[in-house]
Number of protein chains: 2
Amino acid sequence: MAIPSQKHDVFQAIADPTRRHLLQLLGDQEMPVTVISGHFPMSRTAVSKHLRILAEAGLVKERKVGRETRYRLEAEPLMELKRWLSYYERYWENKLNVLKRFVEQDDDAAELTFTPLEVVDPEK
Amino acid sequence: MAIPSQKHDVFQAIADPTRRHLLQLLGDQEMPVTVISGHFPMSRTAVSKHLRILAEAGLVKERKVGRETRYRLEAEPLMELKRWLSYYERYWENKLNVLKRFVEQDDDAAELTFTPLEVVDPEK
DNA sequence: ATTATATGAAACCATTTGGTTTCGTGTCAA
DNA sequence: TTGACACGAAACCAAATGGTTTCATATAAT
């Protein structure tokens, strides 16, 4: 699967609250643009542009049915986000460990243990 | 923990590649601004502004040491992202299930099974 | 054939964003 | 005390963003 060097990436796509709302809405069912835009306090055209950005990020697929265009969620690209996130999980897990140690009054651990795991690039 | 109604949220903060790079850099160690900005092809002031945005999202903490300001990663706010993401996991898991079924040539499943789980708001 | 509906494209606009340079201030070093 | 260093604030700028309205086109319905 070659990356199509899209203009908008997943991180940018989900940055906007309206677009996150769109994803939520389209999770449940495929919908044509007019119906979708009925859920938002803005013009149909504006919603349409948000849908385009989501489509460019691969988060949404469109299908032409007669004179309407129906959109549906495509969650797969969110895996990239999950992967990115997983890199940072150890940091807050470490934080929780520190807290746990504190609560347990483990006094002989004077300095905080820091788990230096493998050095990875969270972007790839 | 009351939400301090910050101007920049986590979704916005991580949308920018430079800021994601900053998080990566600051994961390993606390660093003063000048050292940090040495890793980026832009002015110290520009980096400083990115750091401010990250700080507003709670993703970074600053500490004054003499004449320098040192920054370090604070991963905890990423949990919000994880929570948001987890809502969508079932969608791509479902996708994988469909694929698996296809590979297994399970012909008597003519229509795709769609698991309608609980309706939750991924934003909260 | 004509009219109504669904949509995208285009032009436009205000605000935000990501960057710059310049300047002021606090702190360390000689 | 006099520089030099570390930094943020401010003013500024071009481009991107999120929205609008208007127009053109394809399809459906009468």
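The figures here come from the full heavy-atom set of this structure, side chains too, leaving out hydrogens, waters and symmetry mates. Each chain gets a letter, A, B and so on, in the order the sequences are listed, and its residues count up from 1.
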What residue among B/R72, B/K64, B/R63 forms salt bridge (charged side-chain N to carboxylate O under 4.0 Å, His left out) with B/E30?
->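 That would be B/R63; it is the only one of B/R72, B/K64, B/R63 passing the salt bridge (charged side-chain N to carboxylate O under 4.0 Å, His left out) with B/E30.
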Of all the nucleotides listed ([options]), which has the minimum atom distance to the side chain of [X]?
X     : options                : value
B/D16 : D/dT17, C/dG18, C/dG8  : C/dG18
A/R52 : D/dG18, C/dT21, C/dA9  : C/dA9
A/A46 : D/dT20, D/dT17, D/dG18 : D/dT20

Could you go over nucleotides 3-7 of chain C and give all protein N or O partners under 3.5 Å, atom names and distances?
| residue | atom | partner | partner atom | Å |
| --- | --- | --- | --- | --- |
| C/dT5 | O4' | A/R67 | NH1 | 3.2 |
| C/dT5 | O2 | A/R67 | NH1 | 3.1 |
| C/dT7 | OP1 | A/V33 | N | 3.1 |
| C/dT7 | OP1 | A/T69 | N | 3.0 |
| C/dT7 | OP1 | A/T69 | O | 3.4 |
| C/dT7 | OP2 | A/T34 | N | 2.6 |
| C/dT7 | OP2 | A/T34 | OG1 | 2.2 |
| C/dT7 | O3' | A/T69 | OG1 | 3.4 |

In whole angstrom, give the distance that lies between atom NE2 of B/H8 and atom P of C/dT15.
->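 Computing the B/H8:NE2 to C/dT15:P distance gives 17 Å.
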Check whether any side-chain heavy atom of A/H50 sits under 4.5 Å from a side-chain heavy atom of A/M42, and report yes or no.
->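 A side-chain contact exists here, since the closest heavy-atom pair is under 4.5 Å.
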Contact check, side chains of A/Y91 and B/E76, non-hydrogen atoms, under 4.5 Å =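 No - every pair of side-chain heavy atoms lies 4.5 Å or more apart.
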Has B/S43 got a side-chain N or O lying under 4.0 Å from the OP1 or OP2 atom of C/dT20?
->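 Indeed, a polar side-chain atom of B/S43 lies that close.
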Does A/Q12 have a side-chain nitrogen or oxygen under 4.0 Å from the phosphate oxygens OP1 or OP2 of D/dA16?
->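 False: A/Q12 side-chain N/O out of range (4.0 Å or more) of D/dA16 OP1/OP2.
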Donor-acceptor pair under 3.5 Å: do we get one between A/K49's side chain and the base of D/dG19?
->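 Such a pair exists between side chain and base.
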Mind checking whether A/F11 and A/W84 have parallel, tilted or perpendicular rings, split at 30° and 60°?
->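 Rings of A/F11 and A/W84: perpendicular, over 60°.
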Pick the nucleotide of DNA chain D nearest each of A/V65 and A/H50; which residue has the one closer to the 5' end?
->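 Its nucleotide being nearer the 5' end, the pick is A/H50.
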